[in-house]
Participant: 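Supplied in structure tokens, the structure appears directly below.
As the structure is a prediction and not an experimental result, all values here were calculated from the model.
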Amino acid sequence: MSTQHMNLLLPSFETDKEEHDERKTMENGGICGGSWRFKGNKAAKEAASVSMKGTLARLFDCCSKDVKKTILPLGHGDPSIYHCFQTSVDAEEAVAESLRSGAANSYAPGVGILPARRAVANYLNRDLPNKMKADDIFITVGCCQGIETMINALSGPKANILLPTLVYPLYNSHAIHGQVEIRKYDLLPDLDWEIDLQGVEAIADENTIAMVIINPHNPCGNVYTYEHLKKVAEVARKLGIMVISDEVYNQTIYGENKFVPMGIFSSIAPVVTLGSISKGWLVPGWRIGWIAMNDPENVFKTTGVVESIKEHLDISPDPSTILQFALPNILEKTKKDFFEKNNSILSQNVDFAFDALKDIPCLTCPKKPESCTYLVTKLDLSLLEDITNDVDFCMKLAREENLVFLPGEVLGLKNWVRFSIGVERSMLEDAFKRLKGFFARHSKTQLT
């Protein structure tokens, strides 16, 4: 792993003396033995407690230089830090051209600049029967701001939102922070992780504001079929709710199932598509994404949703104007073989990891992924002697092997474990050697 990126991932194993002294000063009485009249607002405490960043920080704290092994950070997905995964030259040149032009140094409108909005509409329209216009697109600070904006724009007294049991944690965090009740629907691993639509109908009520789907699915790696997505739209129409479709991994597909955008079914139920270039172009640090309104019947306008989105964007940070000016060239000029190369590497890594799991009986993957950059595995505690749950498994794995996996509890499902395959092949090989040794130490005696 390149040392230039170490600060992005790993703890330093050092104590910051200045920080310690600052804390000591505060503990000893503030000003002149009195007390300060301000304190931190804890409104975000509960939301942050279910965040991925907080969990990863605690796992990295478990790692130790005494283990004498390099830290393998497979708990989160950022292939861009590895040499085998680099963004396209076309994307880099688009940003450089935007920077040199001198036209991208100003503020941008809250909804995004017109060329970027038009480019996203054209990019998405290639696969849609009901074409969108630039006015249907809002440019965001990555997909994350799209999640935050939609939940805030829809929140209200007694509101609830339907989320899958395995979900990107930021949906949970923003729902909690926005005081929106979370209701979870099941995914069916034996049916290629399809949505339990009967379960969706059972948990929805008159206060349900939306159903969130993730396609391709992080972390399960499945790609929903045309037939299944049509059923999703029909259920949403029956319930009178919108579908928010997170399609950030739409360029990261290496299996047989073809990606089908949810917007195809917008004539059945209104669809909000969330997307970005972070995953497909391997540039999560560029922070550029979009909200797309697939709504031929203008339901979002008549219900005030469009106005609410605009209002929330008006009081939010804008995406970089440089990236907004570059976005049309990034979307239009990136060559197909760039995606094919990256997906080929991911496919090979998935094949290796899926096969290597045969030597780790306590972890099983129901189905080989077809997309995304992860394997999600079920943890069989009956095979382990001194592991209580998925968090305990990951904490001990980090402490003993300097190997960081993500506990499924963070994603919404206890006793599952996720790890990234969007890394160098040598890291995966090393990870499985350590995992095999860890299992041998913790397996029940009759298995050793």
Participant: In Å and rounded to the nearest 0.5 Å, what is the CG to CG distance from Leu381 to Asn389?
Facilitator: 7.0 Å

Participant: Does a side-chain heavy-atom distance below 4.5 Å link Val423 with Leu428?
Facilitator: yes

Participant: Got a second to check how far Glu201's CD is from Met211's CE, nearest 0.5 Å?
Facilitator: 10.0 Å

Participant: Nearest 0.5 Å, please: how far is CD1 in Ile161 from CD1 in Ile151?
Facilitator: 4.5 Å

Participant: Begin from the C-alpha positions of Asp337 and Lys341 and carry the test salt bridge (charged side-chain N to carboxylate O under 4.0 Å, His left out) through to its verdict.
Facilitator: CA-CA 6 Å; Asp337 60 2; Lys341 173 181 173 293; over 6 Å; no

Participant: Sub-3.5 Å donor-acceptor pair from the side chain of Asn207 to the main-chain atoms of Ala159, do we have one?
Facilitator: no

Participant: Please determine whether side chain to side chain contact (heavy atoms under 4.5 Å, CB included) holds for the pair Phe432 and Asp359, giving the CA-CA distance in whole Å, both sets of side-chain angles, and the decisive distance to 0.1 Å.
Facilitator: CA-CA 9 Å; Phe432 273 95; Asp359 294 328; over 6 Å; no

Participant: Under 3.5 Å, which donor-acceptor pairs link side chains of residues 186-199 to any protein atom two or more places apart or in another chain?
Facilitator:
from	atom 1	to	atom 2	distance (Å)
Asp196	OD1	Gln198	N	3.4
Asp196	OD1	Gly199	N	3.1

Participant: Yes or no on side chain to side chain contact (heavy atoms under 4.5 Å, CB included) for Asn342 and Thr252, after CA distance, side-chain angles and deciding distance?
Facilitator: CA-CA 8 Å; Asn342 293 327; Thr252 311; over 6 Å; no

Participant: Quick check against the 3.5 Å criterion: does Thr149 have a side-chain atom that pairs as donor or acceptor with the backbone of Gln145?
Facilitator: yes

Participant: Hey, does Lys238 have a side-chain heavy atom less than 4.5 Å from the side chain of Val235?
Facilitator: no

Participant: With the side chain counted from C-beta on, respond yes when Ile213 and Tyr185 share a heavy-atom pair under 4.5 Å apart, and no when they do not.
Facilitator: yes

Participant: Taking Arg434 for the side chain and Ala431 for the main chain, is one N or O donor matched with an acceptor at less than 3.5 Å?
Facilitator: no

Participant: Using atom types as modelled and distance alone, determine if a side-chain donor or acceptor of Thr208 lies under 3.5 Å from a backbone N or O of Ala210.
Facilitator: no

Participant: Are there more than 12 heavy atoms of other residues, nucleotides or ligands under 6.0 Å from atom NZ of Lys230?
Facilitator: no

Participant: Does a donor on one side chain and an acceptor on the other come within less than 3.5 Å for Ser245 and Glu247?
Facilitator: yes

Participant: Distance-only check: which donor-acceptor pairs under 3.5 Å involve side-chain atoms of residues 361-370, not counting sequence neighbours?
Facilitator:
from	atom 1	to	atom 2	distance (Å)
Lys368	NZ	Asp351	OD1	3.0
Glu370	OE1	Asn257	ND2	3.4
Glu370	OE2	Glu256	N	2.9
Glu370	OE2	Asn257	N	3.1

Participant: What I'd like to find out is whether the side chain of Leu411 reaches to under 4.5 Å of the side chain of Trp416, using heavy atoms alone.
Facilitator: no

Participant: Measure the spacing between CE of Met150 and CD1 of Ile244 and express it to the nearest 0.5 Å.
Facilitator: 4.5 Å

Participant: Say whether, by atom type as modelled, one donor and one acceptor occur between the side chain of Arg117 and the main chain of Ile137 under 3.5 angstrom.
Facilitator: yes

Participant: Please report the shortest heavy-atom distance between Ala119 and Pro328, naming the atom on each side.
Facilitator: CB-CA, 3.6 Å

Participant: Taking all non-hydrogen atoms of both residues, which atom of Pro164 and which atom of Val212 are closest, and how far apart?
Facilitator: CD-O, 3.5 Å

Participant: Test: salt bridge (charged side-chain N to carboxylate O under 4.0 Å, His left out). Region: residues 292-314. Which pairs qualify, not counting sequence neighbours?
Facilitator: none

Participant: Going by side-chain contact (heavy atoms from CB on, under 4.5 Å), Asn294 matches just one of Leu128, Asn130, Leu124. Which one?
Facilitator: Leu128

Participant: Flag the pair Glu429 and Arg425 as a salt bridge only when some basic side-chain nitrogen lies within less than 4.0 angstrom of an acidic carboxylate oxygen.
Facilitator: yes

Participant: With distance as the sole test, does Thr334 use its side chain to make a donor-acceptor pair with the main-chain N or O of Ile330 at under 3.5 Å?
Facilitator: yes

Participant: Please give me the minimum heavy-atom distance between Lys131 and Asn125, naming the atom from each residue.
Facilitator: NZ-O, 2.7 Å

Participant: Could you tell me the separation between the CD atom of Glu148 and the SG atom of Cys144, rounded to the nearest 0.5 Å?
Facilitator: 9.0 Å

Participant: Okay, side chain of Thr373, backbone of Ser420: is any donor-acceptor separation there less than 3.5 Å?
Facilitator: no

Participant: Take Arg58 and Thr55 through the test side chain to side chain contact (heavy atoms under 4.5 Å, CB included) and record every step on the way to the result.
Facilitator: CA-CA 5 Å; Arg58 291 189 289 274; Thr55 300; 3.3 Å; yes

Participant: Do Thr273 and Pro261 have side chains that approach each other closer than 4.5 Å (heavy atoms only, starting at C-beta)?
Facilitator: no

Participant: Looking at side-chain heavy atoms only, is the closest gap between Asp90 and Asn329 below 4.5 Å?
Facilitator: no

Participant: Any pair with a residue in residues 224-274 that passes ring-ring contact (aromatic ring centres under 6.0 Å, His included), sequence neighbours left out, goes on the list, sorted by first then second residue, please.
Facilitator: Tyr224-His228, Tyr226-Phe265

Participant: Locate the shortest heavy-atom distance separating Leu72 from Met427; write the atom from each residue and the value.
Facilitator: CD1-O, 3.8 Å

Participant: Just checking Lys378: does its NZ atom have more than 12 heavy atoms from other residues, nucleotides or ligands closer to it than 6.0 angstrom?
Facilitator: no

Participant: Measure from the side-chain N and O atoms of Ser276 to the backbone N and O of Gly142, and report whether any donor-acceptor pair falls under 3.5 Å.
Facilitator: no

Participant: Do you know the tightest heavy-atom contact between Leu379 and Asp390?
Facilitator: CD2-CA, 3.7 Å

Participant: Just list the side-chain donor-acceptor pairs under 3.5 Å for residues 283-291, sequence neighbours left out, or say none.
Facilitator:
from	atom 1	to	atom 2	distance (Å)
Arg287	NH1	Pro284	O	2.9

Participant: For atom CD of Glu181, is the number of surrounding heavy atoms from other residues, nucleotides or ligands below 6.0 Å larger than 12?
Facilitator: yes

Participant: Determine, step by step, whether Arg418 and Asn218 satisfy the side-chain hydrogen bond (donor to acceptor under 3.5 Å, both in side chains) criterion, reporting the C-alpha distance in whole Å, the side-chain angles of both residues, the deciding distance to 0.1 Å, and the verdict.
Facilitator: CA-CA 10 Å; Arg418 189 194 79 171; Asn218 164 23; 3.1 Å; yes

Participant: For Glu234, I'd like to know if atom CD has over 12 heavy atoms of other residues, nucleotides or ligands within 6.0 Å.
Facilitator: yes

Participant: Is there a donor-acceptor pair closer than 3.5 Å between any side-chain N or O of Glu424 and the backbone N or O of His83?
Facilitator: yes

Participant: Could you tell me the separation between the CG atom of Asn402 and the SG atom of Cys63, rounded to the nearest 0.5 Å?
Facilitator: 4.5 Å

Participant: Show me the donor-acceptor pairs within less than 3.5 Å that the side chains of residues 165-175 make with the rest of the protein, sequence neighbours left out.
Facilitator:
from	atom 1	to	atom 2	distance (Å)
Tyr171	OH	Asp246	OD2	2.8
Ser173	OG	Ala47	O	3.0
Ser173	OG	Pro169	O	3.4

Participant: Is it the case that the side chains of Glu340 and Ser344 hold a donor-acceptor pair, with the cut-off being a distance below 3.5 Å and no angle test?
Facilitator: no

Participant: Less than 4.5 Å apart, side chain to side chain, heavy atoms only: is that true for Phe419 and Leu403?
Facilitator: no

Participant: With side chains defined as the heavy atoms from C-beta onward, is the minimum distance between Ile264 and Leu229 less than 4.5 Å?
Facilitator: no

Participant: Any sub-3.5 Å donor-acceptor pair from Asn343's side-chain atoms to Gln251's backbone N or O?
Facilitator: yes

Participant: Taking the six-membered ring for Trp, is the centroid-to-centroid distance between Phe393 and Phe405 below 6.0 Å?
Facilitator: no

Participant: At their closest point, which heavy atom of Ala104 faces which heavy atom of Thr321, and how far apart are they?
Facilitator: O-CB, 3.5 Å

Participant: Any chance you could lay out the side chain to side chain contact (heavy atoms under 4.5 Å, CB included) test for Ile214 and His217, step after step, and finish with the verdict?
Facilitator: CA-CA 5 Å; Ile214 302 175; His217 195 278; 3.9 Å; yes

